[in-house]
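These numbers come from the heavy atoms of this one structure, side chains and all, not from hydrogens, waters or symmetry mates. Chain identifiers are assigned alphabetically (A, B, ...) following the order of the sequence lines, protein sequences preceding nucleic acid strands; residue numbering begins at 1 within each chain.
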Number of protein chains: 2
Amino acid sequence: MARAAGVSQTTVSLVLGGNKQGIVLQEATRERVLEAARSLGYVPDPAARSLATARNSLMGVFSFTATFPTDVQHSYYPLLVGVEQEAAAQGYDLVLFTGSSASGPEATTPEALDRVRLADGCLFLGRHIPSRELRRLVDDGYPAVHLGRRDELEGLAWVGADYVSASADVVRRLAEAGHRRIVLVREDDDAPASTDRERGFLEGLEAAGLPGGPAAVVRTAEPAAQITAERIRAWRAEGITAFVAEETDTGGAWRALLGAVGAAGLTAPEHLSLALLGSPPADLAAGPEPTGFDVPRTELGATAVRLLVSVMSGEDLKPPEPLVSCAFRAGTTAGPPPPAGG
Amino acid sequence: MARAAGVSQTTVSLVLGGNKQGIVLQEATRERVLEAARSLGYVPDPAARSLATARNSLMGVFSFTATFPTDVQHSYYPLLVGVEQEAAAQGYDLVLFTGSSASGPEATTPEALDRVRLADGCLFLGRHIPSRELRRLVDDGYPAVHLGRRDELEGLAWVGADYVSASADVVRRLAEAGHRRIVLVREDDDAPASTDRERGFLEGLEAAGLPGGPAAVVRTAEPAAQITAERIRAWRAEGITAFVAEETDTGGAWRALLGAVGAAGLTAPEHLSLALLGSPPADLAAGPEPTGFDVPRTELGATAVRLLVSVMSGEDLKPPEPLVSCAFRAGTTAGPPPPAGG
DNA sequence: CCTCTCAACTAATGCGCATTAGTTTCAGGG
DNA sequence: CCCTGAAACTAATGCGCATTAGTTGAGAGG
């Protein structure tokens, strides 16, 4: 290539590399190189380039499960939309590490995680990422950002949705609408996403001066079987007028609630109010819009990318707010409680 | 790293590189290297590796539009599911090239395409990929596979759905049900996917001995405005008893057909039969299941990966069949034609 | 006891580029 | 006519690895 243009390899590199050093070049020379490159179809080898510069404009995405789950209800997609958009904007290409999905979570080897070092930095999704390996990456100074709250790993940067505030806000609105007794139905899972919602729920009750405590939270491993029409009636008899369900992958709690309410011959918001702490599963999209909040997954993804970029740039400035706010969704399943004794 | 394990860099390379040369190594040495690598979290630099070997276990995915479109109706997702699964199975990680989505299709620079050279091979989606650049890649011997029929670029491997056969099959079944006059409604687009469907439709008519010709195909740029209730009535008066719509990103033709039929106060399959050459848009999933066929997108993605792997391995053996069959979907919108004069 | 042959490594080289030290050329100044 | 200095390049080096030539050490054979 250099010989073809009649100049040195250095000059070619300079011309094609953008000449950040501000070295003076004759316009004629520049043209000659450009012309030669064009006619030869020459393109600087990206591999060699990244070898020489120690960076390759690749941003990793690692998830314990398949990045593209077969289960369409999965919530990764909107995240990835944001990740891709922002990564593109920042000039990075994405590397999807498939190591974990190859042969099931159990078979994931520790080395699989090391492969992410291929990228300049990496985003991690899912709380099942092995702590040990992740810790080593972080300790080694490898730029990593976790999508979703992940406090137990000190030094690991993360971004998450502010479930606490959003949940509290839903409760506040229910209280303002006149509800005095509210129950949270949650599944038997201790993910941060669940814990945060419960915490926000309880904080919301307290802020509104409503009764909280264990009685306000129903935790069940099998919502469909345990949340029955009878139980709903009993709760109503106790004076409970609003029910809040947490959002999960399956939407189990919400489904159970809808089912039981329907089976009891009741409707929302006429007889009682229902709220969902998150977005409804895709297959329920056609039904009534649940009152609750939307997790800004796309924004979450974009925020994560920005955070990762800042980590990669070596800045130690911890971004002040890793929490992204969720927007309240009015929906149609909640309203004022029915007249007392109704 | 080498120093840490007390061996030479060569030995490390041998151990970690799989030792394809069959050089004899002491098990103890091997272990020592492995252990050192583990404790240091050392991973061979992929850039250097690919510089030296010209391969890096990375498979590219390049699409002209964003790989994760905001428009949920988009059909990339199922493709990617298949691509990810198969890539993982074959031991490749995926690189999503975002160059095209960064600033809109128009701003895509030719060099963006060259960046794919970073990967060992690349999958291309979307027919808007600049031919010139793609051609150069192919001519340079770069392993490329196009998802979707793409004949005009000689030497470019591709996999696509067999729309011709599937469409002909739908027509055959309609004919067998008793329909004698069938019309295809298609949009004004010359994508191979559209052309193939029309061809299959016409072949199907011919095979069934039914009247074909230009009159059997309605091509419209604005289906919603041009396919009206009156037009449906006029067609029925002419003796047409079945309507077939092509599937597109927007599902425009199908929507228009459904709308017009409804506006005319008709229902399928009672008054007439409707068929969709593909899958219905997501937002119509709740409605009646259209008779037609399903494009096996996931399988298509997996097939593309397998093809790419074979191309990368340097085998010249052209896989005999780049076409993946679409499965007929009975659906509920088609049946026998109504009694003559009904 | 010395050469020969394996076994088991190690030294050296190059991949294609970015980058940092030069090197050459030419115009003025003295 | 020599010296200085800027302009416009070029030579050399190293990134981290794979690979190809060695090199060393330990028996085996004579």
Side-chain angles (χ1 to χ4, degrees), chain A residues 1-37 40-58 91 111 114-120 140-142, chain B residues 1-37 40-58 91 93 111 114-120 137 140-142 312 314:
Chain A
M1 165 62 203
R3 0 298 167 196
V7 298
S8 72
Q9 179 263 320
T10 304
T11 306
V12 173
S13 178
L14 242 28
V15 173
L16 266 29
N19 189 6
K20 311 289 184 192
Q21 302 77 36
I23 290 181
V24 192
L25 286 180
Q26 203 125 294
E27 183 58 24
T29 308
R30 223 181 74 83
E31 281 307 325
R32 196 147 37 89
V33 173
L34 252 23
E35 177 50 35
L40 295 191
Y42 167 87
V43 165
D45 181 324
R49 209 162 183 156
S50 61
L51 216 212
T53 59
R55 51 200 336 288
N56 54 23
S57 293
L58 287 179
E111 302 92 65
D114 275 325
R115 180 142 167 89
V116 305
R117 291 176 193 259
L118 178 151
D120 291 342
D140 284 358
Y142 181 82
Chain B
M1 164 62 203
R3 1 297 166 196
V7 297
S8 72
Q9 180 262 320
T10 304
T11 306
V12 173
S13 179
L14 242 29
V15 173
L16 266 30
N19 190 5
K20 310 290 185 193
Q21 300 79 36
I23 290 182
V24 191
L25 286 179
Q26 204 126 296
E27 183 57 23
T29 307
R30 223 181 74 83
E31 282 306 326
R32 196 145 38 87
V33 172
L34 252 23
E35 176 50 35
L40 294 188
Y42 168 88
V43 165
D45 181 321
R49 201 163 189 159
S50 67
L51 217 212
T53 62
R55 53 190 351 302
N56 56 19
S57 291
L58 287 179
D93 286 320
E111 303 93 64
D114 277 320
R115 180 144 167 88
V116 304
R117 290 177 194 257
L118 183 145
D120 292 342
L137 284 175
D140 285 358
Y142 181 81
M312 286 190 286

When you measure from the side chain of [X], which nucleotide among [options] comes out closest?
{"X": "L25(A)", "options": "dC9(D), dT10(C), dC17(D)", "value": "dC9(D)"}
{"X": "V7(B)", "options": "dC17(C), dG16(C), dT10(C)", "value": "dT10(C)"}
{"X": "Q9(B)", "options": "dC9(D), dC9(C), dC17(D)", "value": "dC17(D)"}
{"X": "S8(B)", "options": "dC17(C), dT10(C), dA18(D)", "value": "dT10(C)"}

Measure the distance from [atom1] on [X] to [atom2] on [N] and round it to the nearest whole Å.
{"X": "R55(B)", "N": "dT19(D)", "atom1": "CZ", "atom2": "P", "result": "11 Å"}
{"X": "L51(A)", "N": "dA18(D)", "atom1": "CG", "atom2": "P", "result": "11 Å"}
{"X": "D45(A)", "N": "dG14(C)", "atom1": "CG", "atom2": "P", "result": "18 Å"}
{"X": "R117(B)", "N": "dC17(C)", "atom1": "CZ", "atom2": "C1'", "result": "15 Å"}

Using only side-chain N and O atoms of [X], determine if any of them is under 4.0 Å from OP1 or OP2 of [N].
{"X": "T29(B)", "N": "dA8(C)", "result": "no"}
{"X": "R49(B)", "N": "dA18(D)", "result": "yes"}
{"X": "T11(A)", "N": "dT10(D)", "result": "yes"}

Problem - Base dT19(C) paired with T10(A) side chain (donor-acceptor, <3.5 Å) - result: yes
Handout entry: Single hit among E31(A), R32(A), E27(A) for side chain to side chain contact (heavy atoms under 4.5 Å, CB included) with T29(A)
Key = R32(A)
Handout entry: D45(B) CG to S50(A) OG distance, which is reported to the nearest 0.5 Å
Key = 7.0 Å
Completion exercise
Of T53(A) and E27(B), the one whose nearest nucleotide on DNA chain C sits closer to the 5' end is E27(B)
Practice task
Starting from the 5' end of DNA chain C, give me the residue, L16(A) or A48(B), whose nearest nucleotide shows up first.
Solution key: A48(B)
Problem - Side-chain donor or acceptor of N56(A) paired with backbone N/O of L58(A) under 3.5 Å - result: yes
Exercise for the section: Indicate yes or no for a side-chain donor-acceptor contact from D120(A) to the backbone of S57(A) under 3.5 Å, with no hydrogens or angles considered. Expected result: yes
Handout entry: Check against side chain to side chain donor-acceptor pair (under 3.5 Å), T11(A) and S8(A)
Key = CA-CA 5 Å; T11(A) 306; S8(A) 72; 3.0 Å; yes
Exercise for the section: Could you check Q26(A) against A52(A) and say which one's nearest nucleotide on DNA chain D is further toward the 5' end? Expected result: Q26(A)
